[in-house]
Visitor: 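Structure provided below as structure tokens; questions to follow.
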Amino acid sequence: MTILYLVRHCEAFGNIKRIFQGHIDSEISDNGQKQLDRLTERFRDIPLDGIVSSPLKRAYLTAQAVNGDRGLPVETDRRLMEINGGRWEGKPWDDLDGLYPEESAAWLKAPWDFHPEEGESMRAVYERMAAALTDIARRYEGKTVAVASHGCAIRNALCWMRGWPVERLNEVPWADNTSVALLEFDDHPHGEPSRRIVYENDNSHLGKEISTFEKQSWWRK
């Protein structure tokens, strides 16, 4: 059996200011650093054979926090990056409905059809996350790996892990910053390994005082 810990990045300034971060390489917040300290403690006694991360700073620093004092190399994989929002990048979330009403409606009501101008389709994110996790599980067969990624990307990954098509994406909840999902892959010599979610979106290491979601309500809608 192969085990993957899928971790969302820590709080970054885009999360505080409520802007669409996408591929913007945001700095992390002071609260984000506190979240990383708690994350290091959570993973201190968990054996890991590898760590793979999105190359964006907020995810890479999260991967380093998971690493702690292990000294493992942190691999990067661009397939783990957040969705490329194209013309949405850097825009306040509160402005997007007025700026791009059709795209905004798709994001909320039919995200599987979301494809911003100059950006990436949601279907492409679903496919690349599925491919990335499958490849990581195969490369680390029988081992335990931590994977650091992003909110929308992780949501797509968890949809795929359920065996659902991207059209069921709205049934998958959002993950808090530094939330952890535990994924298991059964090894098969041929074909795609079977997969299951043991738990998801676990932010129990944070406490209410440093949870990003405790200060926001958009994710409950």
Visitor: Determine whether more than 12 heavy atoms belonging to other residues, nucleotides or ligands lie under 6.0 Å from atom CD of Glu102.
Guide: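 Counting other residues, nucleotides and ligands, CD of Glu102 stays at 12 neighbours or fewer.
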
Visitor: Do the side chains of Arg58 and Glu11 get close enough for a salt bridge, i.e. N-O under 4.0 angstrom?
Guide: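 Glu11 and Arg58: not salt-bridged.
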
Visitor: Find the distance between CD (Glu167) and CE (Met122) and round it off to the nearest 0.5 Å.
Guide: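 The CD atom of Glu167 sits 12.0 Å away from the CE atom of Met122.
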
Visitor: Picking from Trp112, Phe20, Tyr100, what satisfies ring pair (Phe, Tyr, Trp, His ring centres under 6.0 Å) with Trp107?
Guide: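 Single ring pair (Phe, Tyr, Trp, His ring centres under 6.0 Å) partner of Trp107 among Trp112, Phe20, Tyr100: Phe20.
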
Visitor: Are Arg44 and Glu41 within salt-bridge range, i.e. N to O under 4.0 Å?
Guide: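 Answer for the salt bridge query: yes.
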
Visitor: Please determine whether a side-chain nitrogen of the Lys or Arg among Lys208 and Glu214 lies less than 4.0 Å from a carboxylate oxygen of the Asp or Glu.
Guide: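 No, no charged N to carboxylate O under 4.0 Å.
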
Visitor: Give a yes or no on whether Val180 and Ile46 share a hydrophobic cluster (residues Ile, Leu, Val, Met, Phe, Trp, Tyr; joining criterion: side-chain heavy atoms under 4.5 Å apart).
Guide: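 Yes, Val180 and Ile46 fall within the same hydrophobic cluster.
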
Visitor: Quick check on Arg196: does its CZ atom have over 12 non-hydrogen neighbours (other residues, nucleotides or ligands) under 6.0 Å away?
Guide: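 Counting other residues, nucleotides and ligands, CZ of Arg196 exceeds 12 neighbours.
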
Visitor: Flag the pair Arg38 and Glu209 as a salt bridge only when some basic side-chain nitrogen lies within less than 4.0 angstrom of an acidic carboxylate oxygen.
Guide: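 Yes, Arg38 and Glu209 are salt-bridged.
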
Visitor: Can you spot which of Thr212, Asn203, Leu206 makes a side-chain contact (heavy atoms from CB on, under 4.5 Å) with Ser179?
Guide: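 Exactly one pass, corresponding to Asn203.
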
Visitor: Are Phe114 and Ile154 connected, step by step, through hydrophobic side chains (Ile, Leu, Val, Met, Phe, Trp, Tyr) whose heavy atoms are closer than 4.5 Å?
Guide: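 Yes; tracing contacts between hydrophobic side chains, which count when under 4.5 Å, links both residues.
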
Visitor: Is there side-chain contact between Gln21 and Asn15, with at least one heavy-atom pair below 4.5 Å?
Guide: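 SC-SC contact between Gln21 and Asn15 confirmed.
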
Visitor: Where the side chain of Arg168 meets the backbone of Pro165, is there a donor-acceptor pair that is under 3.5 Å apart?
Guide: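 Pair absent, no side-chain N/O of Arg168 close to backbone of Pro165.
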
Visitor: Under a 4.0 Å threshold between the charged nitrogen and the carboxylate oxygen, would Glu75 count as salt-bridged to Arg139?
Guide: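 A salt bridge is present here (some side-chain N lies under 4.0 Å from a carboxylate O).
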
Visitor: May I ask you to decide whether Arg195 forms a salt bridge with Glu184, counting only side-chain N to carboxylate O separations under 4.0 Å?
Guide: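 Salt bridge flag = no for Glu184 with Arg195.
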
Visitor: Any donor-acceptor pair under 3.5 Å linking the side-chain atoms of Thr178 with those of His205?
Guide: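 Distance-only check passes for His205 and Thr178.
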
Visitor: Within the supplied structure, the quantity of interest is the number of heavy atoms (other residues, nucleotides, ligands) at a distance under 6.0 Å from Lys143 NZ; does it exceed 12?
Guide: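 No, NZ of Lys143 has 12 or fewer neighbouring heavy atoms, counting only those of other groups under 6.0 Å.
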
Visitor: Taking NZ, NE, NH1 and NH2 as the nitrogens, is one of them in Glu200 or Arg155 under 4.0 Å from a carboxylate oxygen of the other?
Guide: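 A salt bridge is absent here (no side-chain N lies under 4.0 Å from a carboxylate O).
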
Visitor: Starting at CZ of Arg128, measure out to CD of Glu120 and round the result to the nearest 0.5 Å.
Guide: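 Reported to 0.5 Å precision, the distance equals 4.0 Å.
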
Visitor: Under 6.0 Å between the ring centres of Tyr126 and Trp164?
Guide: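 No - the distance between ring centres of Tyr126 and Trp164 does not fall below the 6.0 Å cut-off.
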
